[in-house]
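What follows is one structure encoded as structure tokens, with my remarks underneath.
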Amino acid sequence: MNAVNNVKIVLPDGAEREYPAGTTLLEIAKSTSPRLAKEALIARVNGELMDLATPMMTDASVEFISFEDEAGKRAYRHSTAHIMAQAVQKLFPGTKFAIGPAIADGYYYDFDTSENFTPDDLGKIEKEMEAIIKADYPFERFELSRAQALDFFKEKGQKYKAELIEDLPPDTVLSFYRQGDFTDLCAGPHVPSTGRLKSVKLMNVAGAYWRGNERNKMLQRIYGTSFPKKSMLEEYLFRIEEAKRRDHRKLGAELDLFSIMDEGPGFPFFHPKGMILRNELEKYWREEHQKRGYQEIRTPIILNRSLWENSGHWDHYRENMYFTKIDEGDYAVKPMNCPGSILIYNSRLHSYRELPIRLAELGLVHRHELSGVLHGLMRVRCFTQDDAHIFMLPEQIKEEIIGVIDLVNDFYKVFGFTYFVELSTKPEKAMGSDEVWNMATDVLRDALDARGLKYKVNEGDGAFYGPKIDFHLEDSLGRTWQCGTIQLDFQMPEKFNLSYVGEDGQKHQPVMIHRVVFGSIERFIGILTEHFAGAFPAWLAPVQARVIAITDRHAEYACNVVKRLEEAGIRVELDTRNEKVNYKIREAQTHKIPYMLIVGDKEIARDSVAVRHRAKGDLGAMLLGEFEGKLLEEIRTKER
RNA sequence: GCUGAUGUGGCUCAGGGGUAGAGCAGCGCACUCGUAAUGCGCAGGUCGUGGGUUCAAAUCCCACCAUCAGCUCCA
């Protein structure tokens with residue numbers, strides 16, 4: 001039995017301790033270990049996150065949370081956001097405060113001020129934040145009634161805060177945090193005091209609408225980040241630099257892969273080297289799809305208005321489509337490939353024995369995207385979907401979806417991507433009944449479960465014609481990209497009156513799925529470029545080897561080496577320019593060519609090449625035949 | 001589309017009312033070279049586009065276009 005005024009605290013390792021009621025979490029941490037007290041930012045009490053200043057009045061299980069923990073990071077960053085707001089309040093009196101949450105790598109705060117923040121201002125704000133940190137103000141939590149809270153903010157002219165309070169459910173506990181002369185509406189928890197922050201950094205300013213709605217006022221958002229160690233901040237900044245260094249727009253120009261010109265905003269031009277990449281990807285794609293029973297088709301880019309009305313795109317997708325007129329008739333440029341594919345299916349009668357029919361198409365689609373969202377190859381106005389439509393019997397759905405899941409898995413493995421899966425359900429703007437949607441969603445779930453894949457559910461994020469599974473792959477910098485999707489569709493078969501003749505000799509309606517693996521070939525190339533930092537594996541590399549002659553007298557032999565490798569199907573370049581070897585090596589190196597073959601007197605004497613790999617360096621001399629065999633094997637196995 | 005910033009040779013950037021500059025890349029010449037930049041020389045720009053102010057505009061003003069960072073949207 002506890003003494004009446006003691007509370008029993010259970011720690012994660014199972015240890016139980018007793019403290020006088022009213023002992024704060026921080027004091028408990030201190031009594032456990034000084035190190036813990038130093039590192040702990042907040043605590044999880046009976047599963048609920050709390051401030052360390054919270055006094056314990058009842059028995060509880062307590063876990064102290066440091067920056068290592070995701071919840072700790074959020075509290076740390078969120079506290080930094082409050083400090084930034086305090087600094088802005090001091091430097092820019094009269095600023096109205098909106099919201100300031102923690103996000104993936106930091107935090108932001110939205111401000112409403114008459115003047116625009118300049119990079120110079122960010123420096124000033126940062127300085128002020130450092131002063132606030134040095135002052136080590138405690139974060140003090142208190143509660144107010146709704147009326148008191150509204151008065152508090154209205155009196156200060158903080159209309160956004162007042163609006164937030166008015167929109168909260170009536171029974172919400174309104175908590176506030178105060179550090180120094182700054183008070184903010186906030187659910188918390190926060191770190192104990194401003195002095196707990198170490199390295200803070202403001203990243204950039206951007207416009208953001210109040211509540212993300214473009215009809216609302218545009219506020220100024222300052223993004224920042226913070227870390228408990230300077231070295232961690234430096235590492236983070238280095239990672240950002242690395243991402244910049246790998247930017248596919250920059251590498252795409254340097255490696256002469258593609259360009260986007262003023263003459264065609266959002267419509268990329270592929271240069272010869274970029275086309276090699278594309279063609280290799282497509283070659284691999286065709287091989288894999290043939291193996292798995294897909295048949296390739298190609299459908300027109302411009303199709304008649306009535307088709308798009310029938311498919312529902314006219315009603316549901318018009319704002320993203322381009323239109324044209326032919327001989328007085330209305331036509332649209334296809335934003336999706338499915339209607340074309342369906343027309344092919346419908347071009348003749350099908351027996352149940354033929355199903356599933358898998359029609360694959362590398363289809364060029366055009367979509368009108370807002371000018372502000374265009375971004376290199378990642379976000380364009382025309383792109384090639386590696387599409388396929390599978391027409392099948394209802395009882396084949398699960399197996400077909402599993403087949404696609406396996407296909408996607410095999411593809412991503414080749415490039416060294418890990419991935420995760422999301423399941424999206426019925427959106428507001430959708431065709432079809434809840435009943436059909438539920439059934440379709442359940443089938444997708446079943447298929448995922450059958451493969452033991454974990455997934456996250458995105459409510460209301462499906463396509464207008466059916467629910468979908470999305471595959472998000474993670475690149476070498478830890479960023480994620482949505483690429484593959486599988487969309488189940490009970491709507492199109494209905495709209496286009498699809499049928500097959502069943503065992504009973506009657507017409508029945510097939511089910512269809514839409515799916516892509518790369519998503520968009522263009523975007524996938526962008527992702528690959530950044531993933532590999534332009535150093536593509538040999539099978540994809542536009543130039544697989546470059547032969548470098550040391551002096552003029554080695555040019556003829558170099559030329560023969562090139563010819564021999566070309567005959568073996570290797571993409572090879574010759575460099576007999578009148579330059580130093582070092583110069584030529586450097587240039588090949590900056591072009592990220594996998595192999596440099598240096599030839600001089602020694603190599604000529606032995607029919608060999610001195611091999612240098614772009615990453616492994618000098619590999620020494622090798623007989624030409626031996627090198628050829630090794631490289632061909634590397635290409636064949638798609639080695640990374 | 002919205003907010004803000006930017007736009008000068010192929011690339012990276014300087015110049016900021018009075019005759020357009022540098023480095024790299026390119027071209028020419030010399031050096032004939034062994035694993036990340038040899039030297040010298042030459043050529044290359046209607047300063048994003050269109051208006052306006054001015055004796056004079058790359059420079060100041062306006063509009064448009066494009067790009068970049070975000071917002072919203074998405075493959």
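Labels below follow one simple rule: chain letters A, B, ... track the order of the sequence lines, proteins then strands, and each chain is numbered from 1. Computed from a predicted structure; not experimentally measured.
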Checklist line | Distance-only donor-acceptor check, side chains A/T95 and A/Q89, under 3.5 Å | finding: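 On atom types as modelled, these side chains do not qualify, holding no pair under 3.5 Å.
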Check: Is it the case that A/T299 and A/K334 place a side-chain donor and acceptor less than 3.5 Å from each other?
Finding: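 Present: a donor and an acceptor within the cut-off.
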Taking the [atom1] atom in each of [N] and [M], what is the distance between them to the nearest angstrom?
{"N": "B/rA22", "M": "B/rG9", "atom1": "P", "answer": "14 Å"}
{"N": "B/rG45", "M": "B/rC11", "atom1": "P", "answer": "14 Å"}
{"N": "B/rU8", "M": "B/rU59", "atom1": "C1'", "answer": "11 Å"}
{"N": "B/rC47", "M": "B/rA14", "atom1": "C1'", "answer": "13 Å"}
{"N": "B/rG18", "M": "B/rG1", "atom1": "C1'", "answer": "42 Å"}

Next item on the list: Encode nucleotides 40-50 of chain B as B, S and - characters from 5' to 3', where the letter depends on protein heavy atoms closer than 4.0 Å: B to the base, S only to sugar-phosphate, - to neither.
Entry: -----------
Next item on the list: Give a yes/no on whether any side-chain N or O of A/Y209 is located under 4.0 angstrom from OP1 or OP2 of B/rG4.
Entry: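 Result: no.
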Notebook entry, point to check: Is the phosphate of B/rC33, meaning OP1 or OP2, less than 4.0 Å from a side-chain N or O of A/T551?
Noted result: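 Answer is no, no contact under 4.0 Å.
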Check: Ring-on-base stacking between A/Y223 and B/rG70, under 5.5 Å between centres and under 30° between planes: is it there?
Finding: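 It does not: the ring fails the test against the base of B/rG70.
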Using the 3.5 Å cut-off, write out each protein N or O paired with an N or O of nucleotides 9-13 of chain B and the distance between them.
none

Next item on the list: Not counting sequence neighbours, which residues clear salt bridge (charged side-chain N to carboxylate O under 4.0 Å, His left out) with A/R606? List them please.
Entry: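 Per chain and number, A/R606 pairs via salt bridge (charged side-chain N to carboxylate O under 4.0 Å, His left out) with no residue.
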Checklist line | A/R546 and its side chain to side chain contact (heavy atoms under 4.5 Å, CB included) partner, picked from A/Q589, A/R571, A/E587 | finding: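 Checked A/Q589, A/R571, A/E587 against A/R546; only one passes side chain to side chain contact (heavy atoms under 4.5 Å, CB included): A/E587.
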